[in-house]
Protein chains: 2
Amino acid sequence: MSRTTLTPVSYLVLGWIAHSPATPYDLKRRVAESVGHFWEFPHSQLYAEPARLAGLGLLGEEQEQQGRRRRVYSITQAGREALEAWLREPTSEEPQIRDIGLLKLFFSSSLDSESVIALARAQEQSHRDKLSTYEELDRRVPKEAVSAHATLQAGLAFERAFIDFWGEIASRRPSA
Amino acid sequence: MSRTTLTPVSYLVLGWIAHSPATPYDLKRRVAESVGHFWEFPHSQLYAEPARLAGLGLLGEEQEQQGRRRRVYSITQAGREALEAWLREPTSEEPQIRDIGLLKLFFSSSLDSESVIALARAQEQSHRDKLSTYEELDRRVPKEAVSAHATLQAGLAFERAFIDFWGEIASRRPSA
DNA sequence: TAACCGATGATCCGTTTCGGATGATAAACG
DNA sequence: CGTTTATCATCCGAAACGGATCATCGGTTA
C-alpha cells in the first residue's frame, strides 16, 4: 500500500495545482523555474506524486482525449484544505543546506592556502553569476506572480549571503 | 558490486578520518556538531560508508580486540590523495537549500496576510534561536579547530541572512 | 554481587527517493 | 511525405533514509 502521509513534494504539487490545473510536465517546468532554482526535485517524482495525491482524493485526474495520453490534475476541496492546513501549521524542520563548497572548506586544513583561496574565489564567482541570473529574472517576472517573486527574493538573499561569505574567506586568508 | 564512485558522504567521512582515526560512532558525533547543523546525514550511512571506503583501499580498518566490537578506521595514502584531489577540483554542483518555510511562502497567496505574517515571524524567531546557538558555540570552540570554526562562520552567515529575509517579509506585509 | 538501568554503540531492513535510460508522440523542416 | 528535433511520459535499479532493534558498558541499588 502506498504512503498516506504527505511530504514536501506533495505540498509542492498541491501548491502548484491549487494555483491552476496542470499536467505533470507543466509541474516539471513550473518547478524548474521557481523553487527548483535551489531545491531540485527529480521529475519522476512530479509524475508519481500527483497520481498518489489523486488516489488520496486531494487531486482530481482527467485524461485528455485525443492525441498523446496526458493527465490533467486539478485540486479538490479536500486538497485545498490539506494545503491550507499545512500552510498554517507551524514549521518544525530546520532548513537543510547542502553545499559541496562548504564541505570542502571544512576539510581544507590539509590544503595550502593558495588552494583555499582558489576555492573561495571560484565559489564567490559562481554565486555572483547566479545572482545576475536572479536579477535578470527579477526584471522579467511580473510583480503579480507572487510565488515566483518570493522565490526570487529568497534567491537574491541567499546569493548575496554566499557572496559575502566566500568573499571574506578569499580576502582574509592571504594575510593570515 | 558496490558503488565505486565517491559521493559527498564519502568525502565527509574521508575528511574527518583524515583529521584523525575514528569509529563510525565518532563520526556520527563529529558530524552532528559540525556540518550536521545544517546538512543532516543519516547515521546508518556513517556506518556503511567507511566499510565501503575501506573496500576501495581509501581507509584502513582495524578491529578493536577486547570488549564491544568496534572498528577504528584510519586514512590510507590513497585515501588522502583522493581527498586532496577532490578538495582541489572545481565544484560544479549548485548548493541545495531545502526550506519548508520558503515552500510555504511560495504558496501563501491563498492565505490571508495575518497567517503569512505569522509564518514569517515564526521563521524569523526560529532563526534567531539558531543564531544564538551558533554564537554560544562560537564562544566555546577553540580557534584552532579550523573546520569547526568554518562551520560556525557559515552557520552565522546563513542565519543572519534568513533573519533579514523573514524579518523583511514580516514587516513589509501589513502595509501592503 | 546479582539484577537492573540508562547511556552508548552497532546493525538491520523495509520504504522512498533519486536520476539516468528509454520509449512514445508531436511538431518542424526539407 | 520521411527525417530530425523537441516535447512528454514511464520505468527501474541503485542509493539514501530513518526508524526499530539488538548488544554492551558503566554505574546504582538492595
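The chains referred to below are lettered A, B, ... by the order of the sequence lines, with proteins before strands, and numbering in each begins at 1.
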Can you tell which of [options] lies closest to the side chain of [X]?
X     : options                : answer
B/T23 : C/dA10, C/dA21, C/dG19 : C/dA10
A/S44 : C/dG20, C/dT11, D/dA15 : C/dG20
B/R52 : D/dA16, D/dT10, C/dT11 : D/dA16
A/Q45 : C/dA21, C/dG9, C/dT17  : C/dT17
A/R29 : D/dC8, D/dT10, C/dT16  : D/dC8

Verdict with reasoning, B/E124 to B/R121, per salt bridge (Lys or Arg N to Asp or Glu O under 4.0 Å): CA-CA 5 Å; B/E124 186 189 353; B/R121 282 203 213 294; 5.5 Å; no

Rounded to whole angstroms, how far apart are [atom1] on [X] and [atom2] on [N]?
X     : N      : atom1 : atom2 : value
B/L46 : D/dG19 : CG    : P     : 15 Å
B/L27 : C/dT8  : CG    : C1'   : 16 Å
B/Y25 : C/dT8  : OH    : P     : 6 Å
B/Y47 : D/dC17 : OH    : C1'   : 16 Å
A/L12 : C/dT17 : CG    : P     : 13 Å
A/E40 : C/dC18 : CD    : P     : 10 Å
A/R70 : D/dT10 : CZ    : P     : 11 Å
A/K28 : D/dA9  : NZ    : P     : 9 Å

Check: B/R30/B/S20 side-chain N/O donor and acceptor closer than 3.5 Å: yes

Distance-only polar pair, side chains of B/D129 and B/S132, donor-acceptor under 3.5 Å: no

A/E135 atom CD: more than 12 heavy-atom contacts under 6.0 Å: yes

Presence of A/R98 side-chain N/O under 4.0 Å of D/dA16 phosphate oxygens OP1/OP2: no

Sidechain N-carboxylate O distance under 4.0 Å for B/E84, B/R88: yes

